[in-house]
Amino acid sequence: MFSFFRKKKCIEMDVDRLNKMLVAVLEKLPSEYSIYLKQIKEGILQDIFPVTGYSDHYIGVSYQREVIKKYEKKGEKDYSITGVNIFNEKMSKDVQLEIFFSYGVIAGVSSDDELILSDLDLNKINIEFIKVKEKPLDGTVKRELLSFGIQSVNESEVFEVKVGDRRMLHLRDLSDGDFLAIEDGDFYLISISLKGVLKISSAHYETIKMNLFDLTEDDIYSFIQE
């Protein structure tokens, strides 16, 4: 389980609001995440608090003992879902969340800005570009990348990405939240700002496979298929 350390920081602590936010997000995710929705509705979260170790804006959780005993699985992988955007009314912009899971239960939430739960508009949640991060990179994914001809990767940057109903593998981060991904051997540039999935011309596939980390971002953007 993640180790949580209390952190002195001005942040709103309200487990009821966190529950409502998590329910609103989980109801939009695929059915495979419904188990976490069930946990929340059964009252698994007892308290929340700011923590250090993952980001400047991380909320850790404590649990209701009787509920967590039903759901905790010691052999379950740790992973997180990132790319969940919720509109912050006070700041008039989206806040991006990362939700952490450990041992089969929700382990915490972090954001790219201070997370004031009462400022979030739960009717304006966007999960179009969520990423599912699992570490370490397992053998199945490594074999898949090798089958596509990719010999070298940065393992910390490779994880599953769900774009709409599609499953892709995230390969490399770019600027402004954009990233390079692969699906069934085809390369795509996922543009967060444009909210688009931009296919890369197949004429550049070999160049990408051989020079994944040597290419500049301008090179990669120039590969977008007209």
Side-chain angles (χ1 to χ4, degrees), residues 21-34 36-37 54-59 77-89 91-101 106-115 117 119-135 137 141 144-145 148 150 153-201 208 212 215 217-218 220-225:
M21 183 193 76
L22 288 171
V23 166
V25 172
L26 290 166
E27 284 179 340
K28 288 183 173 291
L29 294 178
S31 60
E32 63 196 90
Y33 300 103
S34 61
Y36 302 110
L37 187 60
Y54 293 94
S55 78
D56 291 335
H57 310 288
Y58 192 105
I59 293 177
K77 285 184 179 180
D78 291 352
Y79 71 99
S80 68
I81 296 175
T82 189
V84 176
N85 289 291
I86 304 182
F87 188 72
N88 183 302
E89 293 179 320
M91 294 189 293
S92 296
K93 69 173 187 177
D94 284 341
V95 172
Q96 186 171 117
L97 304 182
E98 184 166 8
I99 305 173
F100 294 82
F101 304 87
I106 292 171
V109 179
S110 73
S111 68
D112 61 352
D113 214 316
E114 188 172 3
L115 192 57
L117 299 170
D119 292 341
L120 302 180
D121 185 343
L122 301 185
N123 294 311
K124 296 181 180 178
I125 299 174
N126 188 324
I127 63 163
E128 189 173 2
F129 298 108
I130 63 170
K131 307 173 188 177
V132 180
K133 298 183 180 181
E134 289 187 12
K135 296 177 183 178
L137 191 62
V141 174
E144 185 175 0
L145 292 174
F148 295 147
I150 300 174
V153 296
N154 180 352
E155 293 196 4
S156 67
E157 291 194 65
V158 178
F159 44 83
E160 182 179 298
V161 185
K162 291 186 177 178
V163 181
D165 295 328
R166 302 167 69 175
R167 174 191 175 274
M168 298 183 178
L169 288 176
H170 179 292
L171 294 178
R172 177 179 160 181
D173 280 319
L174 303 172
S175 298
D176 301 321
D178 294 356
F179 57 93
L180 183 68
I182 190 168
E183 178 190 42
D184 297 330
D186 291 321
F187 290 96
Y188 296 87
L189 192 154
I190 313 302
S191 174
I192 303 302
S193 57
L194 297 177
K195 296 183 178 180
V197 179
L198 310 175
K199 193 172 189 302
I200 290 176
S201 171
I208 295 172
L212 182 58
L215 293 169
E217 291 195 10
D218 286 342
I220 293 172
Y221 281 95
S222 72
F223 295 161
I224 297 172
Q225 186 168 282

Using 0.5 Å steps for rounding, measure from the [atom1] atom of [X] to the [atom2] atom of [Y].
X    : Y    : atom1 : atom2 : result
L22  : I106 : CG    : CD1   : 5.0 Å
I125 : N85  : CD1   : CG    : 10.5 Å
M168 : I190 : CE    : CD1   : 4.5 Å
I208 : I200 : CD1   : CD1   : 4.0 Å
F100 : Y58  : CZ    : OH    : 5.0 Å
L120 : L97  : CG    : CG    : 7.0 Å

So do the side chains of [X] and [Y] get within less than 4.5 Å of each other, counting heavy atoms only?
X    : Y    : answer
I99  : Y36  : no
L145 : L171 : yes
F101 : I81  : yes
L29  : L37  : no

Quiz item: Between I86 and V25, does a side chain to side chain contact (heavy atoms under 4.5 Å, CB included) hold up when you go through it step by step?
Solution: CA-CA 9 Å; I86 304 182; V25 172; 4.0 Å; yes
Please give me the minimum heavy-atom distance between [X] and [Y], naming the atom from each residue.
X    : Y    : value
M21  : V109 : CE-CG1, 4.1 Å
V95  : M91  : CG2-CE, 3.6 Å
G196 : F129 : N-CZ, 3.8 Å
S191 : L198 : CB-CD1, 4.2 Å

Quiz prompt | Contacts of D186 that satisfy side-chain contact (heavy atoms from CB on, under 4.5 Å) - sequence neighbours left out | solution = Y188, K199, Y205
What residues, two or more places apart in sequence or in another chain, satisfy side-chain hydrogen bond (donor to acceptor under 3.5 Å, both in side chains) together with [X]?
X    : value
E27  : none
K124 : none
E217 : S175
Q96  : none

Quiz item: Which residues satisfy the ring pair (Phe, Tyr, Trp, His ring centres under 6.0 Å) test with F179, sequence neighbours excluded?
Solution: H170
Quiz item: Going by the angle between their ring planes, with limits at 30° and 60°, are Y79 and Y33 parallel, tilted or perpendicular?
Solution: tilted
According to salt bridge (charged side-chain N to carboxylate O under 4.0 Å, His left out), who are the partners of [X], at least two apart in sequence or on a separate chain?
X    : value
D173 : K131
E89  : none
K93  : D113

